[in-house]
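To start, the structure itself, in structure tokens.
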Protein chains: 2
Amino acid sequence: MKTQNTKIRIKDIATLAGVSEGTVDRVLHNRGEVSEKSKAAVEKILEEINYSPNLLARSLASKKHYRFICLIPAHQVADYWESVETGFDSAAHDYLQYNIHLEKQYFNQFDANSFVTVSSQIIQNKPDAVFIAPIFRDETLNLTRELTSRQIPFSFIDSMIEEADFLTYYGQDSFQSGYVAAKLLLNSLPDNAQVVVIRTKRKGAESNQTIARKNGFMHFISENGLSNIELLNIEMTDDDENTNFELLREVFDLNSNIKAAITFNSKVCRLAKHLKTLNRIDVRLIGYDLLEENVKYLKNDVVSYLLAQRPDKQAYLTVRDMCAELIFKQKVKKINHVPIDILMKENIEYYMQFRE
Amino acid sequence: MKTQNTKIRIKDIATLAGVSEGTVDRVLHNRGEVSEKSKAAVEKILEEINYSPNLLARSLASKKHYRFICLIPAHQVADYWESVETGFDSAAHDYLQYNIHLEKQYFNQFDANSFVTVSSQIIQNKPDAVFIAPIFRDETLNLTRELTSRQIPFSFIDSMIEEADFLTYYGQDSFQSGYVAAKLLLNSLPDNAQVVVIRTKRKGAESNQTIARKNGFMHFISENGLSNIELLNIEMTDDDENTNFELLREVFDLNSNIKAAITFNSKVCRLAKHLKTLNRIDVRLIGYDLLEENVKYLKNDVVSYLLAQRPDKQAYLTVRDMCAELIFKQKVKKINHVPIDILMKENIEYYMQFRE
DNA sequence: AATAATTTCGTGTGCGGACACAGGAAATAT
DNA sequence: ATATTTCCTGTGTCCGCACACGAAATTATT
């Protein structure tokens, strides 16, 4: 909690330093045309007192307009990215009065070329800041290099690429969320229980996120020496549910002691649907993210836990921090791991209702 | 997401309505001295367009100052109420620029008289709004009646009294949080497991909160027909830990199949300490709120789950909503149940680190 | 020493809205 | 018809800050 002294105005500083308001202003924004002597006088006062500008007056007076662009995957409604977009919209609304204009650009998350195309449009657009969902690693790095060379700040959302010189990243620690999932899923399973672990083949590569989650999951197992359980690794496809269903049916036929199952992407609803059809809702099931379908199966008792992360808030805070940096000249934290929210049938209602 | 048209100024409305800015201003604040004709003209324009005032300019120009008072229990550091206070402080900081001044008043939560004393001080103080932790029901109602008759708005924090005409309430649904606790605690316990349920005698009455939590807990048990477990109801005192310890030792001596324990107030750390001394950390233990000591035992693996609710945020939002109502003339939601956060060793770190 | 070229600095204006105040128009009183 | 009162309405000032412009002070040039 910083103590900001709202009482002190530029005018006061000017009086204290024995110069005019204009001079104080020049020092504050350090845009030159100030003698060493005056500058020193002002800076002395600034050190003594704790000046923090009146932000209302500042943005009222400033005629500077900022254009922010966010670059996210095109998506269906009720998708994970829908929430992210909601958060951006909400921030756009709140920060409009600070002369901030937020535009959205979409790319095809299954086609790196579309990312490249939109990237170059953005560069031409000369925005004041960019928010990026770095789905494609190399292509993102190309974009961020361009941005850095043009001194355009940018932030990552959802996941990050450490080498890039981003302002902030908001997102979950995927490894740890996999670890948490393991704890919830494997806690007090009977001996010799079998656990189905789904891996989804996807057009393009498997996402970093799901890989990290799985690593965290496996780490829990090795760390706790859980040799009394058996993992059944299943590979499902992203587009053919019939095949998936047949595969699952076979697995459940062949293995009589399956007690739990997990998938590391956000589409646990598919798995839930098949389990329900197979009448195996006794299987403890965990998934990620609050897609409508996922929530339905959680309330149904088919899914036991969902791990969530408020993607809308992540987007909102990303915008907020950019404003803090650019406009209010405040320090912001670079890497922000958001909480790993544990939802079950009994507590999801208030979680979803709660709007801040 | 409301579409606010930031472009339209009072000056524009004046031009459109064929009157002066002053007249528009008088209509907007409806402080009279306007002829029917002019008033109608302005109101016609106001209906056509979607005017929303520039809040920055408004609060910059306004010399109105607001004094808010919050009325909470005096407390130790690292207490539950400490977090509430932090939230108030944080709001005070953020809303200072809107000419809001927040004062804190404390009462002794074990002495209703102290509440009454501070109440009358507050009334004399003629604040613009009050935030109340309604620990003492009748005394609180006396206060709120006074406030209502003086048209001073107020909000509840932590718990609420339905009959009072409050602006907002932020808090957890205690009944449901007891229900969640039961689910977590009793999930897949072996047959004939014994469960220790602590009730804490307190100077003054048992708090509504803990009663509601316990009701929710019991409801889960009856709803799920858990006849295979045995509850051991223990009454601990609030001030003598030696007695408590001896009591627990006896209970554990006499009962050989204790698998779980729970306490419904925020002091699970005491229970944890005794269990650790008794070397019974195999017992699954659940408690409430992130007191430092509680967190310590969670990380220690003595406590399995903590249910939390971000009291600081509740306080912050309470202030925010009062501003929204009083200053920005926005609608606010009256009853706000906050999420029931489930914390365990594996996810508490990011939960605590995360500052918005 | 006089003038030109720079550097430094103070003042004025406007952002959008709140509010005070003066002065004009209409209504009433003389 | 003039004076007085009441009712309306337009204008001006201020809130704290950003920024432009022109004036003053300093330095350089002849």
Just the rounded figure in Å: distance from [atom2] of [N] to [atom1] of [X].
| X | N | atom1 | atom2 | value |
| --- | --- | --- | --- | --- |
| A:Leu28 | D:dC17 | CG | P | 9 Å |
| A:Ile8 | D:dC15 | CD1 | P | 17 Å |
| A:Asp25 | C:dT11 | CG | P | 15 Å |
| B:Glu21 | D:dT9 | CD | P | 15 Å |
| B:Asn30 | C:dA18 | CG | C1' | 15 Å |
| B:Ile10 | D:dT13 | CD1 | P | 19 Å |
| B:Asp12 | C:dG16 | CG | P | 8 Å |
| B:Leu60 | D:dG16 | CG | P | 7 Å |

**Request:** Report the nucleotide, chosen from C:dC15, D:dC15, D:dA18, that has the shortest atom-to-atom distance to any side-chain atom of B:Ala61.
**Result:** D:dC15
**Message:** Side chain of B:Ser20 only, heavy atoms from C-beta on: which candidate in C:dG10, D:dT11, D:dA18 is closest?
**Reply:** D:dT11
**Asked** Which ones in residues 33-46 of chain B lie close to DNA chain D, meaning a heavy atom under 4.0 Å from one of its atoms?
**Response** B:Glu33, B:Val34, B:Ser35, B:Ser38
**Request:** State whether B:Asp89 and B:Lys104 are salt-bridged, where the test is any N-O pair (Lys NZ or Arg NE/NH1/NH2 against Asp/Glu carboxylate O) under 4.0 Å.
**Result:** yes
**Request:** Could you tell me whether B:Asp25 and B:Arg31 have a side-chain N and a carboxylate O separated by less than 4.0 Å?
**Result:** yes
**Under 3.5 Å side-chain donor-acceptor pair for B:Gln309 and A:Tyr350** = no
**Request:** Assign the ring pair B:Phe115 / B:Phe107 to parallel, tilted or perpendicular, where the plane angle (0 to 90°) is split at 30° and 60°.
**Result:** perpendicular
**Request:** Please state whether the rings of A:Tyr316 and A:Tyr95 are parallel, tilted or perpendicular, taking 30° and 60° as the class boundaries.
**Result:** tilted
[N], OP1 or OP2 - any side-chain N/O from [X] closer than 4.0 Å?
| X | N | result |
| --- | --- | --- |
| A:Tyr98 | C:dC15 | no |
| A:Arg31 | D:dC19 | yes |
| B:Thr23 | D:dG10 | yes |
| A:Arg58 | D:dG16 | no |

**Request:** Could you tell me which residues satisfy side chain to side chain contact (heavy atoms under 4.5 Å, CB included) with A:Glu146, sequence neighbours excluded, listed by chain and number?
**Result:** A:Ile123, A:Ser149, A:Arg150
**Message:** Distance to the ring centre below 6.0 angstrom and angle to the axis at most 45 degrees; does that hold for B:Arg58 and B:Tyr98?
**Reply:** no
